[in-house]
Every structure is written in C-alpha cells, then in structure tokens.
Amino acid sequence: MNRISAVGEPVIAGLSVSVRRGRGGMARVADDAVIIPSRDDDLVRAVGREFIERGFRDGTSVFTPDRSVWNRETARQLHRYYNDQPDLGSDPFLEKLRRQLAEAPDGAVQLAAELLAFQGLPLTNLNGNTLLERVRKVLSWMNRPVSVPDHVAEAFSQGTWNGGTGAHTVLWRWLSDAVEMLCKWFENSAEQRGAALMRPSAWEIELDSHDIMPSLRTALLYLAFPTHFLPILNIAQKKAIRAAFLAPGRPPSEFIDDDLFQITVRLQHESGQPVDYYRPPFVDQWRHTAPPDGTGRAWLVRPRQGGPGLVEEWRAGSFVSLAATHLGDVTSGSSLPEVRAAVEAGYQHLDYAQRAALVNEFHAFLSRMNSEDIVATVVDDHLHVGTVTGGPEHLPDALSRPVDWSTAPPAPIGSLPAPLPADLDQQGTVVDLTGAFAALNALRLAEKAPEPAEPQTPVLAAVTPELAGRLHVDVSWLREFVDLLGERRQVILHGPPGTGKTFLARALAAHVAERDAVRLVQFHPSYSYEDFFEGFRPAEQPGGTVGFAKTPGPLREIAAEARENPRQPYVLIVDEINRANLAKVFGELYFLLEYREATVRLQYSPSEAFNLPPNVFIIGTMNTADRSIALVDAAIRRRFAFVELHPDEVPVRGLLGWWLAERGLDGEPALLLDALNAAIGEEDRDFKIGPSYLMRPGADLQRIWRHDLLPLLEEHYYGRWSRQQVHERFGLAAIRARLP
C-alpha cells in the first residue's frame with residue numbers, strides 16, 4: 001500500500017521514489033532525488049505548507065483550524081465583494097479593500113486576511129511587523145475578529161525571496177487572481193483536490209490551468225513542494241540558470257521547472273552542498289547573463305525622426321518600431337556578428353561610429369528584447385510605458401514589435417523617482433533600462449500619472465549624550481559632524497597621527513547605520529579602480545580551469561545593497577584615503593560624488609548606466625603627517641567636507657586628561673603630551689601627536705615613548721635632525737624637564 005511522505009511524494013514499500021512528470025512525458029531520477037532547500041526559511045516553508053494543507057486540501061483555516069473558511073461558498077462571497085466590485089479610487093490598497101468588504105460576512109473577510117498573509121509570507125522586502133499589522137487590520141473588520149497565531153506571526157519575519165516593487169504595487173491584482181483561482185479550485189471534488197496535491201507534477205499542471213500572476217504561481221509551487229521547485233520568481237533568470245548549467249549535449253525542454261529540478265539535483269550531488277543560485281560558487285556562472293533579482297528587462301526606444309507623431313502611431317497601433325531602411329534580411333535571434341555583417345553591407349554610407357551604434361540597436365531590438373519586457377519612450381518630457389507582447393517583424397523599411405501600451409496618462413519626467421530621469425538621458429535609439437525596471441514597472445501598472453517624486457533622504461540616527469560620553473567627545477561637536485555628513489554625504493576626518501580618526505569614523509558609522517550596512521576599506525599606493533569599484537580578477541571556471549571574471553569592489557557592493565534599501569543609511573569608511581592615487585581609484589566616479597542624481601557609463605560595464613545612491617555615505621580618514629592636506633587635488637576637496645582632528649583643537653584637546661581622570665589614573669601623561677606638542681611647535685603643526693598612543697590601560701609610559709613616539713618623530717624629522725637630536729629634544733626625560 002502506498003502512503004504519502006512529508007514532501008508529498010509516493011512512498012512504496014518504505015522506499016521514496018521521486019518522479020518528475022512533464023506534460024509531455026515522464027523522467028525518472030534517483031530515488032533520493034530532491035532539492036535540498038538552500039535558504040534559511042524553515043518557518044516560511046512550514047507555515048506555507050500549512051496553508052496548502054488546511055486551505056487548499058482540507059478547506060479549513062490556518063487561523064481557526066476548527067472552522068471551515070477556505071471553501072467554495074466563502075470564496076464566492078469574497079469574489080462578489082472584491083473582484084466584482086473594483087474600487088478605482090486613488091486611496092491606499094487597504095482603505096479601498098475596507099470599503100469593498102464593509103458588508104462582507106466574517107468568513108470572506110477572514111479569507112482575505114489569510115490570503116494576504118500567504119502573499120506576504122515569503123517576501124523579504126516586506127517587514128514582518130508591517131505584514132502582521134496589515135493582516136490584523138483586515139481581521140479587525142470582522143464582527144467577531146480572530147487573531148494571527150503566534151507561529152504564523154513568527155514566520156512573517158523570516159522571508160524567502162525579494163518580490164520587488166511589484167509585490168507592493170500590484171497587491172490588488174495578486175489578491176484578485178488568488179480569489180479567482182480559489183473559486184475554480186473548489187469546483188473540484190475533494191478527491192480531485194487531493195490528487196492535484198499528491199505530486200509536484202500534478203500540482204504544477206493544476207496551477208497552469210489557472211491564469212494567475214507568476215508570483216502567485218511560484219509561491220504556490222514552492223510552498224507546496226520546496227524540495228521540487230526553486231524559489232525563483234523571474235523567468236528570465238530561470239532561463240539564464242538553465243543555460244549556464246544544463247548538461248552538455250542535452251537540449252532544454254519546454255518545461256523549465258523540470259529542467260531546473262534535474263540540474264539542481266545534479267549540482268547538489270557534484271558539489272556536496274545545497275544549491276543557492278544567488279550565492280557563490282553558482283551565482284558567478286550565470287548572473288552576468290540575467291537581469292537583476294526580481295525583475296525583467298526594460299528598454300528605452302526613441303522615435304528619432306518620427307517624433308511625437310510616430311509615438312502616436314505606436315500607441316494607436318500597439319507597436320514600437322525602429323527604422324531599418326537599408327538593413328538586409330536579419331532574423332530574430334541573430335548573433336551580434338550576423339547583425340554587424342548586415343549593417344556593414346547596407347549602411348556603408350555612414351561612418352564607423354554610426355554603424356557601430358546601429359549594430360547595437362538592431363541587435364538589442366531583434367535578439368535581446370523579449371516578450372513581457374517593458375518598453376518606454378519619451379515625448380515632450382513625458383514618459384510612455386508599455387509591455388512587449390511578441391517577436392520582431394521585418395517590414396520593408398523598419399523593424400516592428402507588438403506592444404501593449406499602458407492606458408495611464410504619460411508621466412512627467414519631473415515626477416519620476418531618481419535616478420530614472422538621469423537614466424532616460426542616456427544616448428542611443430535603443431537603450432537598456434533594466435536597472436530601472438522596478439520603477440518603470442510601477443508606472444506601467446499605475447492607473448494614473450504619479451505625483452511629483454519626493455527625494456528619498458535617509459535619516460541618520462541622532463547623537464545622544466550616551467554616545468558622546470562613550471567616545472569622550474563633546475555632544476555638540478558630534479551633532480555638527482552628523483549633520484554635516486547628512487548634508488554633504490562625503491566627509492574626511494584629517495589630522496596628525498593618534499587623534500582617533502579611524503576610531504571615531506568607525507564609532508559614528510556604527511551609530512548612524514546598521515552593523516551590516518558599514519564597510520571599511522584602507523587605501524594604499526597600489527590601490528586601484530579595479531580594487532575599489534570593479535575589475536577583472538582570476539576566478540575558477542567550470543571544469544577547474546582559471547579565467548577572469550568581472551568582480552565588484554566594496555563601493556559597487558555597498559551601492560547595490562543601498563539601492564535595494566533606499567531608506568537605510570550605508571556608510572563606507574575609507575581609511576588613509578590620501579595614500580592612494582585618488583584620481584586613478586575614483587575614475588569616472590568623481591562625477592557621481594558631486595551629482596548623486598546623475599548616472600555615468602562605467603569602464604568595465606559600458607552598457608550600464610550607474611548611479612551612486614543618495615543613502616551611501618563616505619567617511620574618509622587622512623593622516624596629515626603622512627601627506628599634507630594641501631596636496632589633495634581640488635576635485636576631492638570640492639566633493640568632500642573636511643573636518644580636522646588636532647591635538648590643539650576641540651574635540652581632541654584635553655581628551656587625554658578627561659580619559660585619565662575618569663579612570664582615576666595619574667594625570668602626568670596628559671601634561672607630558674601637551675609639553676611634547678609645545679616642543680614640536682606651530683611650525684610643524686601636522687607633526688604633533690594625538691592622545692591615542694597614551695590611551696592604553698596598563699601600558700608602560702616609557703615603553704610607549706621609546707617604541708611609538710620617538711620612532712614616529714624620527715620619521716617626521718628625517719633629513720632635518722639626526723636621531724640623537726630627536727631624542728635629545730623629545731625624549732621622555734627632556735619633556736619631563738619642561739614641566740613646571
């Protein structure tokens with residue numbers, strides 16, 4: 001007799017046999033072949049499976065297991081009040097939903113709340129508390145409200161994938177599709193529902209019979225069978241992963257999830273570990289071929305000679321076109337060399353630069369653009385957005401693709417969120433705007449033109465007296481520094497050695513940003529752009545060979561994270577910033593330090609427009625004894641605010657005495673340090689010594705003087721005074737003799 005295992009596979013005579021059945025046939029794999037979940041989302045999977053079992057299979061409820069909520073009648077009631085009575089107003093989603101469900105029975109309201117819980121359950125870009133409050137708010141509309149179980153609330157804080165902007169902007173559509181599906185699902189008998197949930201293949205076939213959003217389909221597949229389906233939302237990324245890892249000689253099938261299952265099981269066996277395609281060593285083998293996580297591709301197509309009139313034709317005829325009067329017979333999917341040959345043959349009358357531009361534009365339009373990509377165009381400073389719905393057609397004098405243009409009014413450029421306006425300034429007739437997919441997708445799905453965008457300014461944590469006390473720094477000085485950092489975004493702490501520049505930079509960064517949002521890098525004479533931003537580095541390739549892979553540096557990494565979390569401050573500390581060739585290290589990024597709203601083309605990614613997010617803050621440290629601030633070029637001086645830390649100035653002045661007194665220690669070291677700096681004098685102001693050398697509990701004063709301070713002064717005065725002269729002038733005995 002067969003029984004059902006924990007993952008829903010048939011178990012025969014105690015032996016688990018995994019079977020993958022596509023609609024075109026069956027493929028048998030190893031007996032223990034299952035995908036080992038690679039993400040730390042055990043709570044999400046447990047609660048998700050509970051929703052599947054109680055809701056879809058049994059028709060009960062996760063919130064009230066003893067009460068039937070997921071059933072045909074309740075689903076029809078929710079459909080009547082929600083799907084059949086759309087609220088087209090401009091209010092927030094929950095406010096419109098409240099009006100729609102005002103007269104609905106408790107069962108329909110609870111079903112809506114549980115569906116919203118299921119929608120947000122796997123999202124990492126939805127705060128767990130926010131989701132909990134959303135669900136509780138809907139439940140509060142019931143005449144007899146129920147509560148969210150503790151284990152469900154706990155799972156809300158875990159998450160599996162980033163659902164992108166669409167997870168928030170099209171929540172109304174997700175709920176509508178879910179209700180529609182439930183109504184059809186409960187038309188099946190209990191036996192039919194049980195059979196559909198028996199095996200992954202049967203469940204996939206069932207879901208494919210419903211016209212639902214890809215995000216809903218992925219959630220239902222993964223949460224029902226996490227050992228057979230991957231937590232990947234984007235079809236383009238699935239294709240890229242399959243292309244990178246498909247076994248040599250094996251053609252892709254029409255069932256991409258089946259292919260990915262086979263690939264993942266094989267990679268698990270070969271690597272001896274769970275496979276997460278978004279982490280090393282797997283991500284580097286496919287990521288460069290796919291769009292960013294959670295998005296598709298987006299394109300800007302300019303009308304060029306046709307102008308506004310051509311765009312009106314595009315919108316009226318539901319297409320987009322590219323002039324191609326002299327282009328030969330080049331088909332969809334043609335390679336770059338094939339397109340180049342056609343351009344060279346048909347456009348000999350143009351110069352080299354014009355032909356090169358045409359090659360890239362034709363290749364993008366014919367072979368890189370796909371159905372379901374977003375296409376945008378600008379006319380009279382207004383943005384029109386649509387969706388590509390089919391392949392290219394070669395007309396006598398043009399290339400054409402069908403497009404479903406949005407019916408929403410075009411968006412004024414001035415209303416768009418940064419850096420989208422700068423992205424639209426890129427040159428070319430066909431421009432890849434995939435980096436702005438989320439913003440363009442929100443515009444595509446909007447029902448009206450957006451309001452003028454407000455700048456997203458991250459809030460830096462306020463300075464507290466507790467912080468000032470811990471750092472032994474005046475609270476007013478700290479507040480002024482944080483205000484300056486928030487205003488300028490780039491600040492350099494400069495001063496002689498031992499003044500606590502790095503210590504203070506790290507402490508302030510940890511205060512204004514979360515721990516995982518702070519990075520530190522130290523510059524040195526051989527440090528380069530490739531180290532700091534991105535460059536090609538040796539990397540192991542499939543098969544054990546060594547090649548070169550484009551590798552991000554600390555600035556690129558922190559910028560990517562900051563772009564995903566625009567309200568959270570990120571801080572990059574650049575220690576010893578003046579020890580590198582700054583013009584060489586920053587390259588074209590100099591421009592972005594001053595113009596955060598703009599974009600630039602990158603040395604190693606020329607097809608990409610990059611911007612430095614406004615929530616990235618840079619704190620540099622500069623030792624003025626090593627290299628005078630006067631030698632820093634004007635470009636850096638203009639882009640950074642400079643804050644001095646000097647033994648003679650607040651907040652460093654008197655710091656050592658304060659520190660010693662607080663610990664009940666002898667105050668002589670503070671007097672000796674003041675006397676030493678007086679002996680150095682104003683002529684050598686940058687050679688004066690900071691208190692950090694003497695702020696070591698239990699350290700021997702004579703040892704510090706002999707092994708730290710005197711060697712430092714010998715270096716400073718090298719070529720001016722002999723070692724003996726330095727010791728005679730600045731030795732501990734000589735300085736003690738200067739005390740009153």
Considering only NZ, NE, NH1 and NH2 on the basic side and carboxylate oxygens on the acidic side, decide whether Arg217 and Glu204 come within less than 4.0 Å. yes
Checking side-chain polar atoms at under 3.5 Å, does Thr64 have a donor or acceptor matched by the opposite partner on Ser61? yes
Do Trp299 and Asp432 have side-chain N/O donor and acceptor atoms under 3.5 Å apart? no
Would you call Asp41-Arg45 a salt bridge at under 4.0 Å N-O? yes
Without hydrogens or angle criteria, can the side chains of Glu206 and Trp185 be said to hold a donor-acceptor pair below 3.5 Å? no
Given side chains that start at C-beta, do those of Phe118 and Leu223 come closer than 4.5 Å, heavy atoms only? yes
Among side-chain atoms of Ser271 and Gln273, is any donor-acceptor pair under 3.5 angstrom? no
Only one of Val69, Val135, Leu111 passes side chain to side chain contact (heavy atoms under 4.5 Å, CB included) with Phe63; say which it is. Val135
Identify whether the distance between the nearest side-chain nitrogen and carboxylate oxygen of Asp259 and Arg250 falls below 4.0 Å. yes
Can you tell if the side chain of Val574 reaches within under 4.5 Å of the side chain of Ile619, non-hydrogen atoms only? no
Side-chain donor or acceptor of Arg49 paired with backbone N/O of Ala224 under 3.5 Å: yes
For Leu126, does its backbone N or O pair with a side-chain atom of Thr130 as donor and acceptor, under 3.5 Å? no
Check against side chain to side chain donor-acceptor pair (under 3.5 Å), Tyr278 and Asn162: CA-CA 12 Å; Tyr278 295 92; Asn162 186 323; over 6 Å; no
May I ask you to test the Met181-Phe56 pair for a side-chain heavy-atom distance under 4.5 Å? yes
How many angstroms lie between CZ in Arg563 and CD1 in Ile558, if you round to the nearest 0.5 Å? 12.0 Å
Do the charged groups of Asp258 and Arg242 touch, with an N to O distance under 4.0 Å? no
Looking at Asp257 and Lys238, does any basic side-chain N land under 4.0 Å from a carboxylate oxygen? yes
Quick check: Phe229 with Phe261 (ring centres under 6.0 Å apart)? no
Do Glu588 and Tyr529 have side-chain atoms, one donor and one acceptor, less than 3.5 Å apart? yes
Min side-chain heavy-atom separation Leu197-Ile52 under 4.5 Å: yes
Inter-residue atom distance Ser335.OG - Leu366.CG, 0.5 Å rounding: 11.0 Å
For the NE2 atom on His151, are there more than 12 heavy atoms of other groups (residues, nucleotides or ligands in this structure) within a distance under 6.0 Å? yes
Check: Asp177 side chain, Trp174 main-chain N or O, donor-acceptor pair, under 3.5 Å: no
Whether over 12 other heavy atoms sit under 6.0 Å from Arg556 CZ: yes
Taking the side chain as C-beta and beyond, is there a heavy-atom pair between Phe610 and Leu592 under 4.5 Å? yes
Salt bridge Lys550-Glu530, side-chain N to carboxylate O under 4.0 Å: no
Assert yes or no for the condition that the ring centre distance of Phe532 to Phe523 is strictly below 6.0 Å. yes
Are Tyr570 and Phe617, when compared by the centres of their aromatic rings, separated by less than 6.0 Å? no
